[in-house]
Amino acid sequence: MTYDLLVVGAGPYGLSIAAHAAAAGLRLRVFGRPMASWRDHMPGGMFLKSEPWASNLSDPDGRRTLAAYCAERGLTARHAQPIPVEEFASYGLWFARHAVPDVDERMVARVSPDSHGFTVVTADGEALRARTVALAVGVMPFIEVPSALRGLHPSLVTHSSHHSGLDQFRGKDVTVIGGGQAALETAALLAEQGTRVRVLARAERLVWNDVPPPWERPWWQSVRSPHSGLGPGWRNWFYAERPGLFRRLPQRTRTRVAGTALGPAGAWWVRDRVERAVDVMPGHEVTAACAVPGGVRLDTVNREGTAGALETEHVIAATGFRAQRDRLGLLCAELRGTLAVLPDGSPATGRGFESSHPGLFLAGLATASGFGPAMRFVHGATFTAPTLVRGVRRRLGATPPRGATVPVPSDGSRAGSPSPVSG
């Protein structure tokens with residue numbers, strides 16, 4: 001059997017794409033452990049930074065929202081009230097049960113082109129054929145660790161996304177590198193469990209997001225600074241609500257904005273937890289690191305050029321992710337090497353999220369330089385999923401009957417011509 005679409009990844013983007021593809025009547029297969037990054041790579045006690053109303057996965061009817069899940073569970077999803085990451089992960093699983101055909105939890109090991117489209121090989125060796133493939137692989141392939149820390153043993157240096165819990169650091173001395181939400185919330189959780197923790201950040205000062213303005217407010221305040229899925233203000237509104245228009249900006253502008261907009265910042269609700277318990281060292285950069293008895297020695301330099309050093313038992317690099325074509329290791333070398341890239345090394349995509357290789361579609365962080373900062377957040381799935389599925393249908397050259405759906409039982413169980421990148 002040859003599938004119309006095979007989705008690789010079952011996080012917010014993969015599940016949303018699958019929901020729209022299933023409703024469109026496509027022969028579909030979805031691979032990946034649902035919500036794996038949220039379930040396996042974030043410590044307990046973390047909260048979702050985005051607003052609940054801006055954290056919905058996307059289904060064609062708009063029924064499977066976070067608010068609907070919370071209402072069913074007797075929870076609240078209110079503006080300016082952060083949602084625990086564990087609940088968001090549970091929401092994703094609920095969404096999958098109700099809106100997506102069966103998800104195959106096996107990992108995909110290799111995607112290669114063939115005469116029918118693609119051969120997709122699972123980790124246990126099964127080969128499947130698909131006319132189109134959508135890569136919704138999340139952020140884990142794109143982990144970024146400063147060059148000075150690379151090569152040190154994982155017992156000494158880890159990335160913040162490597163941890164589903166922080167218990168192993170109780171009573172120890174830990175240095176967190178970074179100035180964004182992951183760094184600051186990780187540091188707060190460490191301090192609250194009795195870890196001696198410091199944050200070392202390159203920026204001269206930490207940036208904190210303000211408490212969002214009330215949902216109900218005078219009309220003139222809304223006009224001056226509208227709400228958006230990425231925060232208040234017209235610029236954020238444009239990034240959040242108009243990714244299709246963002247893509248029409250000059251390529252150099254798009255790349256610059258994707259790399260600088262919505263830079264490292266901590267949520268308002270974690271600020272007091274950090275300032276009262278964490279030693280913060282802004283304006284410092286690690287220049288070298290080496291193993292020493294009992295831990296790691298970090299050589300640093302500050303903004304004035306003054307060198308320093310400190311020793312710590314463990315370093316957590318909360319230094320984000322960098323989406324580059326060459327990190328898409330599940331693509332065979334031939335396919336990966338032919339993909340067109342943007343100036344920042346990320347793969348180029350067309351208006352329907354199709355890469356330069358016909359039939360290969362991309363979603364999520366890998367598309368931020370094309371469609372804007374919203375692609376770094378869950379909110380971007382609401383634009384990506386329907387747009388990408390329309391692109392798949394154009395590629396397949398067939399339009400299923402209007403209203404074609406894949407029925408989902410009421411009890412929640414599940415039934416089992418080329419467009420260029422510049423288009």
Side-chain angles (χ1 to χ4, degrees), residues 11-12 35-51 54-55 82-89 137-146 149-150 154 157-169 174-193 195 197-203 205-209 230-231 258-275 277-282 284-286 312 314-323 327 364-365 368 373-380:
M35 303 298 287
S37 293
W38 304 86
R39 297 163 67 187
D40 302 338
H41 299 282
M42 296 186 187
M46 283 193 164
F47 287 82
L48 200 63
K49 189 179 182 185
S50 56
E51 289 293 326
S55 304
I83 294 287
V85 163
E86 294 96 326
E87 284 298 339
F88 180 71
V137 294
V139 298
M140 294 307 293
F142 307 122
I143 287 171
E144 183 70 9
V145 175
L149 300 174
R150 296 172 196 164
V157 175
T158 51
H159 191 270
S160 56
S161 63
H162 291 154
H163 299 288
S164 60
L166 300 169
D167 288 350
Q168 68 268 39
F169 301 118
V174 174
T175 298
V176 179
I177 296 179
Q181 177 68 10
L184 299 171
E185 193 171 14
T186 297
L189 290 171
L190 287 167
E192 288 161 1
Q193 70 173 20
T195 302
V197 60
R198 69 191 58 79
V199 168
L200 192 153
R202 287 187 302 176
R205 62 180 183 85
L206 297 181
V207 176
W208 298 98
N209 297 133
L230 300 183
T260 58
L262 302 171
W268 56 271
W269 41 264
V270 81
R271 181 170 187 170
D272 181 62
R273 295 165 60 193
V274 170
E275 292 183 339
V278 177
D279 182 17
V280 178
M281 299 174 60
H284 284 74
E285 185 170 359
V286 176
T312 187
H314 190 88
V315 177
I316 296 178
T319 44
F321 308 87
R322 188 178 179 191
R327 295 182 180 181
L365 180 64
M375 303 302 120
R376 291 159 37 194
F377 299 89
V378 173
H379 186 66

Where A187 and V197 come nearest, the two heavy atoms and their spacing: O-CG1, 3.6 Å
Flag side-chain contact, heavy atom, 4.5 Å: P146 against V286: no
Under 3.5 Å: donor-acceptor pair, side chain of R150, backbone of V145: yes
Beyond-backbone contact of M42 with F88, side-chain heavy atoms, under 4.5 angstrom: no
Least distance between heavy atoms, W38 atom then A89 atom: CB-CB, 4.0 Å
Non-neighbouring partners of H314 that pass ring-ring contact (aromatic ring centres under 6.0 Å, His included), sequence neighbours left out: F169
Check: E185 side chain, F47 main-chain N or O, donor-acceptor pair, under 3.5 Å: yes
Nearest-0.5 Å distance that lies between atom OG1 in T195 and atom CD in Q168: 9.0 Å
Least distance between heavy atoms, L184 atom then V274 atom: O-CG2, 3.4 Å
Any side-chain donor near an acceptor of the partner, H163 and T158, under 3.5 Å: yes
Criterion side-chain contact (heavy atoms from CB on, under 4.5 Å) on T186 and V174, from CA distance to verdict: CA-CA 11 Å; T186 297; V174 174; over 6 Å; no
Euclidean distance, T175 OG1 relative to L200 CG, rounded to 0.5 Å: 7.0 Å
Close side-chain approach of L230 and L262, heavy atoms under 4.5 Å: yes
Nearest heavy-atom neighbours spanning L206 and A201: CD2-CB, 4.2 Å
Closest heavy-atom pair and its distance - T319, I177: CG2-O, 3.8 Å
Heavy-atom closest contact (H162 atom, I143 atom, distance): NE2-CD1, 3.7 Å
Contact check, side chains of H41 and V139, non-hydrogen atoms, under 4.5 Å: no
Flag side-chain contact, heavy atom, 4.5 Å: R273 against L189: yes
CE-CD distance between M46 and E86, expressed to the nearest 0.5 angstrom: 10.0 Å
Pairs involving residues 37-51, ordered by first then second residue, that meet salt bridge (Lys or Arg N to Asp or Glu O under 4.0 Å) (sequence neighbours left out): R33-D40
Result of checking R376, E144, H159, R327 against F321 for side-chain contact (heavy atoms from CB on, under 4.5 Å): H159
